[in-house]
Amino acid sequence: MNPREVANKQFDIAADVIRLDAGARAVLKSPKRVLKVSIPVRMDNGEIKVFQGFRSQYQDARGPYKGGIRYHPQVSEDEVIALSAWMTWKTAVMDLPLGGGKGGIICDPKSMSQGELERLTRGYARAISLVVGPETDVPAPDVYTNSQTMAWFLDEYNRQVGHQEPGVITGKPVEIGGSLGRDTATARGCMIATREAFKAKGIPTNGATIAIQGFGNAGSFVAVLANEFLPGSKVVAVSDSHGAIYNPSGFDVAKLVEHKEKTGKVAGFGGAKEITNDDLLTLDVTLLVPAALEGQITKDNAAKIKAKIVAEAANGPTLPEADDILFKNGKFVIPDILANAGGVTVSWFEQLQAKTEYPWSLKLVQERLEERMVKSFHDVHDASKKHGVHMRTAAYAVAVDRVARALKWKGY
Ligand code: NAD
């Protein structure tokens, strides 16, 4: 199943639950606009290489398009469209006045120099500058893009429009208008939702074990924050694109982060056993946090998952066929559009700070994130009980209903 088919299937299931009318169904199954761009970049060896980039603007009935930019060799038009659909449902499930968009460039950032990445980012910013803007479409970081990428994008956009426009992008460095707490927001939001799930299911946090797939922005901060939100828990397994490690006694997370920074991988960390990425997903743990890429939990491994709670820090890690298996086996899945929505929520806080030119304290950011995440978790949990469906379909039901209502007011 390609990601777009996954997104459409998830949408159809929820549309049936809320008995969505045919008009809204048709409108909400396609992006409003997809821009495809070719970006010529002079590489360090003097050669010109042309990269393919995309910006998908899925739906803006509730507000400006919003969504990250991904740099990865496997980026495709369908993946970007699916990710932009998920952003539409994510901003709606959090009740933010935003729509959904997503961007991506087919490239291998790990094999590129900083200079090449800067020229690529500036080229992409020039290519899509006509369709983005603080009131139109606001990009942010995603896989293999970061605050430096956002800073280059902002600077190039400012040069294009001839004035400073900090609200055109979020996830910027704090020194140039970024929000305090944006770097840890996805993980913090994920841990707030996970804490609520432990409470709702009556599972004690003391002694809980955690496996995390992916140790980048989302995954590494989940590990760092685990004990704050799940007191007495321990992170026993982590992975990255190079491999996975396991230690049933739990890791010293601060030392693990240091090790990853120094060596570029989690493998080789003292006292840990090396396991495969597949093994990590099926470990006997209390909580599994997929925090890498989509399509990881499939019909082939879903029945082997032993974790009681799955918190999807990543976008699209579980295929629809696996959802039913997990649900039947009594697993509680906090779906991506809820579990990782802390990132876009603090991105919206960053937009508000840009509009008012008034920076918020870290305390204020964290308090408002807490409030939003708790409310959205319970909106979805209540809908799940009301409709007798799992949390993903419930999250979609809440989100699709909100977008469809906005669409109707505006006349489609
Ligand atoms: P990142 O680039 O910082 O980290 C990605 C991590 O995944 C890296 O550690 C990489 O080594 C690892 N990885 C890649 N392939 C893997 C594999 N096959 N097995 C195990 N690990 C693998 O990216 P990120 O920002 O942390 O994003 C991770 C996921 O979270 C993505 O699905 C992204 O869309 C989602 N997400 C991120 C944010 C955010 O604010 N960063 C917000 C919402 C959702």
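Just so it is clear, the values below take in all heavy atoms, side chains as well, and ignore hydrogens, waters and symmetry mates.
- Partners of Leu352 under the side-chain contact (heavy atoms from CB on, under 4.5 Å) rule, at least two apart in sequence or in another chain, are Trp348, Trp360.
- The neighbour count for Arg405 CZ, taken as heavy atoms of other residues, nucleotides or ligands under 6.0 Å away, does not exceed 12.
- Ser84 and Tyr65 share no side-chain donor-acceptor pair at under 3.5 Å.
- Defined by atom type and a distance below 3.5 Å, a donor-acceptor pair is present between the side-chain atoms of Arg182 and Ser347.
- Between the side chain of Glu312 and the backbone N or O of Asp336, at least one donor-acceptor pair lies under 3.5 Å.
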Q: Apply salt bridge (Lys or Arg N to Asp or Glu O under 4.0 Å) to Asp155 and Lys172, showing your working.
A: CA-CA 11 Å; Asp155 184 59; Lys172 305 176 284 289; over 6 Å; no
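- The side-chain contact (heavy atoms from CB on, under 4.5 Å) test applied to Leu362 returns Leu180, Gln366, not counting sequence neighbours.
- With rounding to the nearest 0.5 angstrom, the CG atom of Asn301 is 8.5 Å from the CD atom of Gln296.
- Between Gln114 and Leu117, the closest side-chain pair of non-hydrogen atoms falls below 4.5 Å.
- Around atom CD of Glu228, more than 12 heavy atoms belonging to other residues, nucleotides or ligands sit under 6.0 Å away.
- In this structure, the side chain of Asp240 engages the main chain of Val266 through a donor-acceptor pair within 3.5 Å.
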Q: I would like to know whether Arg372 and Asp379 meet salt bridge (Lys or Arg N to Asp or Glu O under 4.0 Å); could you show each step before the answer?
A: CA-CA 10 Å; Arg372 288 250 160 199; Asp379 285 351; over 6 Å; no
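- Judged purely by atom type and a 3.5 angstrom limit, Asn340 uses its side chain to pair as donor or acceptor with the backbone of Ala313.
- For Lys199, the salt bridge (Lys or Arg N to Asp or Glu O under 4.0 Å) partners are Glu196, not counting sequence neighbours.
- Just one residue in the list Thr318, Asp78, Leu319 forms a side chain to side chain contact (heavy atoms under 4.5 Å, CB included) with Val6, and that residue is Leu319.
- Look at Lys9 and Glu5 and you find no salt bridge, because none of the NZ, NE, NH1 or NH2 atoms lies under 4.0 Å from a carboxylate O.
- With contacts defined as side-chain heavy-atom distances shorter than 4.5 Å, the pair Ile192/Val374 qualifies.
- The closest donor-acceptor contact from the side chain of Asn227 to the backbone of Gly232 lies under 3.5 Å.
- Side-chain contact check for Asn146 and Asn217: no donor-acceptor pair (N or O, by modelled atom type) lies under 3.5 Å.
- Atom NZ of Lys49 is separated from atom CG of Leu120 by 9.5 Å, given to the nearest 0.5 angstrom.
- In summary, Glu371 and Lys375 do not engage in a salt bridge, as defined by a charged side-chain N under 4.0 Å from a carboxylate O.
- Ring pair Phe269/Phe251 is perpendicular by interplanar angle, where above 60° counts as perpendicular and below 30° as parallel.
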(Q) Apply ring pair (Phe, Tyr, Trp, His ring centres under 6.0 Å) to residues Phe332 and His381 and explain how you reach the verdict. (A) CA-CA 11 Å; Phe332 189 87; His381 195 222; 5.8 Å; yes
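- Every side-chain hydrogen bond (donor to acceptor under 3.5 Å, both in side chains) that Asp95 has, sequence neighbours left out, goes to Arg62.
- Residues Asp324 and Arg392 are not paired through a salt bridge, judged by the lack of any N-O separation under 4.0 Å between the basic side chain and the carboxylate.
- For Asp60, the salt bridge (Lys or Arg N to Asp or Glu O under 4.0 Å) criterion is met by Lys32, not counting sequence neighbours.
- Looking at residues two or more places apart in sequence or on another chain, you find no side-chain hydrogen bond (donor to acceptor under 3.5 Å, both in side chains) involving Tyr157.
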